[in-house]
Amino acid sequence: MTAITNDFPRDHSLAEPRDLDLGGKSGGRALKNSIATFVMWAAFAIAVIPLVWILVTVAVKGGHLILDSTWWTNSQQGVTARREGGGAVHAIQGTLIQGLVTALISVPIGVLTAVYLVEYGRGRFARTVSFMVDILTGVPSIVAGLFIYAVFVNAFGFQRSGIFVCFALTLLMIPVVVRSTEEMLKLVPNELREAAYALGVPKWKTIFSVVLPTAFSGIITGVLLGLARVMGETAPLLILGPYTKAIATDLFGGNMATLPTMINQDRDQAVTLPAYDRIWAAALTLILLILLLNLLGRLASRFSKV
Amino acid sequence: MQTIHRRRAAVLLVAAGSLALAGCGSDNNTASSSSSSASGSTNSSSTSGETSSTDAAACPSGTLNAEGSSAQKNAFEEVVTAYNEKCPDLTINYNPTGSGTGIKQFNAGQVDFAGSDSALKTEEKDGVIEVDAAKKRCESDAWNLPMVIGPIAVAYNLDGVDKLVLDAATLAAIFQGEITTWNDPKIAALNDGVTLPSTPIKPFFRSDDSGTTENFTKYLKAAGGDAWAGEPAKSWTGKGEGKEKSSGVADAVKATAGGITYVELSYAKDNALGMAQIDNGSGAVELTSESIGKFIATATADGEGNDLRLKLDYATKEAGAYPIGLVTYEIVCSVNKDAEKQNQIKSFLSFFASSDAQTLIEEIGYAPLPAEVQSKVAAAVEALS
């Protein structure tokens, strides 16, 4: 209030009238500006340091192994912690198979739920569904794992196997798919729907042929990002998917290796043993796999909308 | 619409591609493994006459799942690899989730047999009597078969001290925080002629429940008498700083001047830590396969019939016996409803109990079963049906 004067040139530096005589630039403002800029860059650097650190550590310690072709062609069968050699193909394919099956289960459920919420859902029931999806988003992965374990292994007496891992991961993936699909469907302009209705197209056909194709690339992005999230999950795998060193493709019986369980299996080894390097290599492989999925997701989102 | 179809095709292509990639792996790692220590075992297992009884008759195919003690994981893996050089069609998985978990999974019918640092308990714990639960699961008695003996090293990190002698009473005092510096008179009394620095002692213990802790405290209690106040248990009751798993305590001692811990021999070896000699009452004993062998020779079988609980005499005063070690068991059903499964278990365990396998694990820091125990285990495996 005190800064209000009748002196015209002063009014660009109302807050600090004392600095007036320093000419056109305000030292205080410049200082604040540099401080703010510095803080911003410092925060950025702090955020980036651990990321770069992790990537460099993992790449340095595990990089040499994944450059070896056997890493991508062989399993760990017959390789003990003390021996060199072997690969991660059993774990890579386990992670891919379980991810794929998880996606096959959760994508239809998730997309249809989102369609319901955006196109049909009105009133209390829709709000409840939406709320439930929010709750599901916040369920910790270990709870999902224990829930499936309690239901299928404890109550029904099944053996632990890959399919139950997929069930647990589905619980984690559905809310991601629902939320991202919902956002994408909301972005579809209402004019498109109205134009379809005006031509006499029924609602279901409008959704199927106009709304979903328009949002297609966005949905794919969401699915891939959701997949990237669940493929890195560890807790349900530790509970439901015991590790094996051999290649296993049977989701319905027996152990199945995945990259997270492969990392876990040998993490208790002494630093000097070959198994220790393989842990880092498996971690690097997992990071690369998820990076690839994320890139695919970004790529899909680049496609122009119909 | 065409672009949409193209995109769909692209997505399908990615999916199909990942499946295709998944289809072309190989389980055959013999070429790479035979270049290392495996070659020795290949020779011994193929030339030995002793295993011939199990050779041609029993090379079953299938999958065996076992779970349990992490202390025997390395031995187990080594033996599985050697076994698979002989019988490649039986896949054997071992998940080192801990003895307690292994027994629970076994009793719940999730795994075919369990590995454990201690025999099935006969008294109630958490509302379950392990022996009875196992009996219910098997619909027959469950047997404890001792398979692997793991020496426990007292590992320390002290610059300039290559030879250190300790005894049970001193160890108990160190791990209860009563002795706090390395040049304490009690330690000096055991180490004539060794210049001990005044570095503070930093004991490390296993923060997770561990069979190693249980057996180490059994030793302290048995040999140290009143010096150790706590009761032997899987969880640590002494002083010090907790670290997770064997690798955790080994790493901590390696990184800390003045650090001391108890850890399986292989971890102490792999991290090149100093290992204390133990005075069992008849002089200082270095940890070697010979000295641990003398200790194990004092073990007595404690179970009924083929249920072979092994009892170690931690308080032994026999000259040249290194008195700290643990026995790990395989826990199996004596009679299995699934005859095929039992055949697989028999085939593998009889190899595990053979001298070939026992010599093999000796090379990586375990101790072989004493001959008399070994023959009893072999007989028990034969009796599985």
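Below, each value reflects all heavy atoms present in this structure, side chains not excepted, and no hydrogens, waters or symmetry copies. It should be emphasised that the depicted structure is a prediction, and the values quoted were computed from it without experimental measurement.
Contacts of F76(B) with chain A are absent, with no heavy-atom separation under 4.5 Å from either backbone or side chain. For chain A, no part of I92(B) is nearby; none of its heavy atoms comes within less than 4.5 Å.
A 4.5 Å side-chain heavy-atom check between P96(B) and Q265(A) finds at least one atom pair inside the cut-off. Looking only at side-chain heavy atoms (C-beta outward), S26(B) and T73(A) stay at 4.5 Å or farther from each other. Between N255(A) and N65(B) there is a side-chain heavy-atom pair separated by less than 4.5 Å. Looking at heavy atoms from C-beta onward, T91(B) lies in side-chain contact with T244(A) at the 4.5 angstrom threshold.
The minimum heavy-atom distance linking K245(A) with N93(B) is given by the pair N-OD1, 3.8 Å.
When L238(A), V223(A), D266(A) are compared by the number of non-hydrogen pairs under 4.5 Å with chain B, D266(A) comes out ahead. Heavy-atom pairs under 4.5 Å with chain A peak, among I364(B), N84(B), D251(B), at I364(B). Taking chain A as the reference chain and counting heavy-atom pairs below 4.5 Å, the highest number among K254(B), Q110(B), E77(B), E244(B) is found for Q110(B).
Salt bridge D270(B)/R82(A): present, at least one basic N to carboxylate O contact under 4.0 Å. Salt bridge annotation for R160(A)-E67(B): present, with a cationic side-chain nitrogen under 4.0 angstrom from a carboxylate oxygen.
In this structure, D27(B) CG and H90(A) NE2 are separated by 8.5 Å, a value rounded to the nearest 0.5 Å.
Remark: the backbone N or O of T81(B) is not paired with any side-chain donor or acceptor of Q77(A) at under 3.5 angstrom.
Summarising the local packing, NZ of K234(B) is surrounded by more than 12 heavy atoms from other residues, nucleotides or ligands at distances under 6.0 Å. The number of heavy atoms from other shown groups lying within 6.0 Å of CZ (F147(A)) does not exceed 12.
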